[in-house]
**Q** 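After the structure tokens below, expect a handful of questions from me.
Numbering starts at 1 and runs along the sequence shown. Heavy atoms only: backbone and side chains are in, while hydrogens, waters and symmetry mates are out.
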Amino acid sequence: MPFKIILAQSNQDLNMKRFFNFFIIILSLTLFSSCFEILEEISLNTDGSGEMLVTFNLSKSKSKIASIMLLDSVNGYKVPSKEDIGKALKEAKNHLKTIDGISNIATTSDFDNYIFTISCDFSSTANLDSVFKDLISKHNKKSKTNFNTTNFSYSANSFKRLFSYDESIKRNFYKLNSEDRKIFEDANYTSIYRFENEVEKVTNANAKVSPNKKAVFLKVDLMSLILGEKNITNSIQLSK
């Protein structure tokens, strides 16, 4: 994999590592498909609480992946089994249970279409940051990177999705062989944010506001994100 994060084996770090393993295992499936989508959905209440759903959708390559999952490895990469994916989902769910302000955690696995989801409720956007904050901090310190430890914020009717691009993304991408780089050619990251109040303004030029003005849609191809040509950072001002 392009990125390697080494964690100390305290109980807290072990839980985080198990949570991170979920993403490693799911993303490893994308190594065998150049067509996949990561979908991030947040429904935010006026008090800052809300719901989050993350979907890994590989359905456009389901026939190819179904065939590959019959093998042990392809091009030097281990093919995860259904048991591996199920275990990773369970560990991710157990980790989320340990975080204050996170509740109603659920996961789904659709092995007919290869769609996997993880969802939860949160008391505030700070709870969402807690999921990855320590992990990102450790990675920044070890690898001298500058990734955001705060990814979501909400105050004064302003919701922000933050992302700090780091050149290490591009460097690690070009360390992959040409065949592995092709994986990202038809891949996309999509975010959908829904609100109770109407949206007055967005700062990301690629974001679109729904006709009822209560949702913001942003779709970015992963190649542009990896190369730093586009960004998912967005400030969304809501009406009072």
Side-chain angles (χ1 to χ4, degrees), residues 1-5 17-43 51-96 105-120 128 131-132 135 151 161 163 169-170 172-193 206 217-227 229-230 232:
M1 296 296 293
F3 302 101
K4 183 179 180 182
I5 299 176
K17 187 174 182 179
R18 285 174 175 169
F19 180 69
F20 188 63
N21 281 345
F22 159 69
F23 293 97
I24 291 295
I25 287 176
I26 296 297
L27 290 176
S28 69
L29 283 178
T30 68
L31 292 171
F32 316 117
S33 165
S34 62
C35 192
F36 65 93
E37 180 178 43
I38 300 172
L39 175 61
E40 174 185 285
E41 297 180 73
I42 292 178
S43 297
E51 303 172 4
M52 183 175 192
L53 170 67
V54 178
T55 302
F56 298 86
N57 188 341
L58 291 79
S59 60
K60 291 183 179 179
S61 302
K62 62 182 181 181
S63 297
K64 180 180 179 181
I65 294 175
S67 298
I68 286 173
M69 285 193 70
L70 298 174
L71 307 175
D72 291 327
S73 64
V74 175
N75 297 330
Y77 294 106
K78 181 182 182 298
V79 178
S81 66
K82 291 183 179 180
E83 291 74 19
D84 291 332
I85 296 170
K87 182 180 178 181
L89 280 167
K90 183 178 179 180
E91 290 178 342
K93 185 175 181 178
N94 288 338
H95 171 63
L96 287 174
I105 304 144
T107 62
T108 67
S109 301
D110 178 351
F111 285 102
D112 291 325
N113 297 294
Y114 291 94
I115 300 174
F116 309 95
T117 73
I118 186 164
S119 62
C120 66
L128 291 181
V131 174
F132 284 109
L135 189 63
N151 293 287
R161 176 54 160 108
F163 175 76
I169 299 175
K170 186 187 298 186
N172 283 295
F173 174 73
Y174 282 117
K175 288 179 182 179
L176 298 173
N177 62 49
S178 58
E179 287 301 311
D180 288 342
R181 290 201 295 269
K182 289 181 180 179
I183 294 164
F184 301 96
E185 288 181 354
D186 296 312
N188 296 292
Y189 161 88
T190 301
S191 66
I192 303 174
Y193 303 136
N206 296 303
F217 173 88
L218 174 64
K219 186 173 184 177
V220 178
D221 62 285
L222 281 184
M223 283 294 292
S224 295
L225 191 59
I226 289 169
L227 298 178
E229 298 170 350
K230 293 181 181 179
I232 60 174

**Q** For K170, check side-chain contact (heavy atoms from CB on, under 4.5 Å) against everything at least two apart and list the hits.
**A** Y165, E167, Y174, L227
**Q** What residues, two or more places apart in sequence or in another chain, satisfy salt bridge (Lys or Arg N to Asp or Glu O under 4.0 Å) together with K230?
**A** D221
**Q** Is there a side-chain contact between E37 and K60, using heavy atoms and a 4.5 Å cut-off?
**A** no
**Q** Can you find a heavy atom in the side chain of T117 that is under 4.5 Å from one in the side chain of L53?
**A** yes
**Q** Please report the shortest heavy-atom distance between K93 and T107, naming the atom on each side.
**A** CB-CG2, 4.3 Å
**Q** Rounded to the nearest 0.5 Å, how far does OG of S67 lie from NZ of K62?
**A** 12.5 Å
**Q** Using a 3.5 Å distance criterion without hydrogens, assess whether the side chain of D84 forms a donor-acceptor pair with backbone atoms of S81.
**A** yes
**Q** Before you tell me yes or no, could you show the steps for L39 and N57 under side chain to side chain contact (heavy atoms under 4.5 Å, CB included), namely the whole-Å CA-CA distance, both residues' side-chain angles and the distance that decides it to 0.1 Å?
**A** CA-CA 8 Å; L39 175 61; N57 188 341; over 6 Å; no
**Q** Are any of the side-chain heavy atoms of L225 and I232 separated by less than 4.5 Å?
**A** yes
**Q** Which residues pass the salt bridge (Lys or Arg N to Asp or Glu O under 4.0 Å) test with E41, not counting sequence neighbours?
**A** R194
**Q** Closest heavy-atom contact between T108 and L89?
**A** O-CD1, 4.1 Å
**Q** Might you work through the side chain to side chain contact (heavy atoms under 4.5 Å, CB included) test for F56 and I38, ending with a clear yes or no?
**A** CA-CA 5 Å; F56 298 86; I38 300 172; 4.1 Å; yes
**Q** So, taking the atom named OG in S43 and the one named CD1 in I192, what distance separates them when rounded to the nearest 0.5 Å?
**A** 9.5 Å
**Q** Hey, mind stepping through T190 and E40 against side chain to side chain contact (heavy atoms under 4.5 Å, CB included) and telling me if it holds?
**A** CA-CA 6 Å; T190 301; E40 174 185 285; over 6 Å; no
